[in-house]
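Report on the following structure.
So that the names make sense, note that chain A is the first sequence line, chain B the second, and so on, each numbered from 1.
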Number of protein chains: 2
Amino acid sequence: MTDTRTRRRGTELEHAILDAAWAELSEVGYPSLTIEAVAKRAGTSKPVIYRRWPSRAALVIAAWARRQPIHEAAPDQGSLRADLLWLFTRIATRMDAMMSQTIAGVMAEAFKHPEVQDLLRDRLDSAPLARTLGTIVENAVARGELRPAALPRRVLRLPLDLLRSEAILCGTPLSEETLAALVDDVYIPLLKGLAADHGH
Amino acid sequence: MTDTRTRRRGTELEHAILDAAWAELSEVGYPSLTIEAVAKRAGTSKPVIYRRWPSRAALVIAAWARRQPIHEAAPDQGSLRADLLWLFTRIATRMDAMMSQTIAGVMAEAFKHPEVQDLLRDRLDSAPLARTLGTIVENAVARGELRPAALPRRVLRLPLDLLRSEAILCGTPLSEETLAALVDDVYIPLLKGLAADHGH
DNA sequence: GACGTAAGAAACGCAACGTATCTTAGGAGC
DNA sequence: GCTCCTAAGATACGTTGCGTTTCTTACGTC
């Protein structure tokens, strides 16, 4: 299969490996993902992978980063609730069963490999989300639905934390009722509380 | 070592195994915990463990449940903030590095063994916490710090989710500043927001 | 005192780990 | 266009832990 073929190098090879890792992830899931299988699927061998990534977790994070879609602007749906629901739904859509199980697995391995913890933090800290939330809140303020308020870092990170906890504990997919409850029972009250503190 | 010894049975043996599992957990951590080591430490053998628990995760959850301390009543510290800080600190104290890494590991395995997911959910859903929070909020209402408000289920679970996410992403131990930020930036605004919605 | 259940010990095959060794393809430089 | 050197790709290795099987024997029961 390889004798007459060309031998890939650099970025081309790297991308092939990451794509193979992603495919394996989708098919067998994180707990059953093996480096050997990724190597085989990518048409290469284990040492090639180990030369680039020190652990399965690091490899998977790299594959994940490659797939992370570009941030899209938040549409103005006419109300704070609708905007938030749109955002929560969009996050939930990308956090399917495979993704939850992968994140859980990577989180578990982060304790063994400190460098993985850093990668994971970068991956989850999500500046794009912060910007989207900022826009949504600004729009709500412009509409008169909300007083202006500063959004602390942990508030910006909260949607991801909420959805991730929910997904891991309750299993995915998350129902619309669940998303609505998170928006109505937690996030909107929080924003109102922050605004009251700040603006009044 | 065993020839002249007594051969344990039933509860006695079970407790010995769970204690050994807990000790291993404390010493080597979840990722490095092996059934073999637990068996050795408990002075028994692998099949004896496998006869009782189907997986490492189930064993660890059982050991954890045995250690879960009794719920203590919330003291009235004189202010909502102080009460919440007390509660968050108390949770954080019990969620040391070992515990975070264990929870993360068990969460990761929950996907492979659905029955583990149920055990985990039971373990984390924490009715005691709900009662403590109820008391704290009641006291704040009595003091006039807060309007009365209903606390939805997800709000009751939020402290655990917040602290767990923080512990897993940032590593333990959690600093006092972190705990204060979670209380001041997230939880108190949320309570105020809920109260405003409800009472006004 | 005999019986049956389950404890305990040992060994198994399996799978994946992470590494070391070796050959060879292919890009860089003169 | 030839040489050199880096890194790809293949293979095999020892190790570890899994979960299971088999067997002996202690102990509680009747």
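Listed by chain and residue number, nothing satisfies the ring pair (Phe, Tyr, Trp, His ring centres under 6.0 Å) test with B/Phe111 (two or more places apart in sequence, or in another chain).
No more than 12 heavy atoms of other residues, nucleotides or ligands sit less than 6.0 Å from atom CD of B/Glu176. Applying the 6.0 Å contact sphere to CZ of A/Arg52 captures more than 12 heavy atoms from other residues, nucleotides or ligands.
Nearest approach of A/Gln117 to B/Ile168, heavy atoms of both residues: NE2-O, 3.2 Å.
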Could you run down the sub-3.5 Å N/O contacts of the protein with nucleotides 14-17 of chain D?
none

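Atom CG of A/Leu13 and atom P of C/dA25 are 17 Å apart (whole Å). Nucleotide D/dG9 holds its C1' atom 14 Å from the CD atom of A/Glu12, rounded to whole Å. Distance A/Arg9 CZ to D/dG9 P: 8 Å, rounded to the nearest Å. Rounded to whole Å, atom P of C/dA16 lies 14 Å from atom CD1 of A/Ile49. The separation between A/Arg7 atom CZ and D/dC5 atom P is 18 Å, rounded to whole Å. Residue B/Lys46 contributes atom NZ, which lies 10 Å from atom P of D/dT20 at whole-angstrom precision.
Applying the 4.0 Å criterion to OP1 and OP2 of D/dA26, one finds that B/Thr6 has every side-chain N and O outside that range. Contact check, B/Ser45 against C/dA9: no side-chain N or O comes under 4.0 Å of OP1 or OP2.
Between A/Glu145 and A/Arg81, no side-chain nitrogen of the basic residue sits less than 4.0 Å from a carboxylate oxygen of the acidic one, so the salt-bridge criterion is not met. Remark: B/Arg143 engages B/Asp76 in a salt bridge, criterion side-chain N to carboxylate O under 4.0 Å.
Remark: B/Arg66 is not positioned above the aromatic ring of B/Trp22, lacking an NZ or CZ atom under 6.0 angstrom from the ring centre and at most 45 degrees off the axis.
Near DNA chain C, meaning a heavy atom under 4.0 Å from it, residues 50-60 of chain B has B/Arg51, B/Arg52 in order of number.
Looking at B/Glu24, its side chain never comes within 3.5 Å of a backbone N or O of B/Tyr30 through a donor-acceptor pair.
Using a 4.0 Å heavy-atom criterion, one finds that B/Arg8 contacts the sugar-phosphate atoms exclusively.
For the atom pair CH2 of B/Trp64 and OG1 of B/Thr102, the computed distance is 8.0 Å after rounding to the nearest 0.5 Å.
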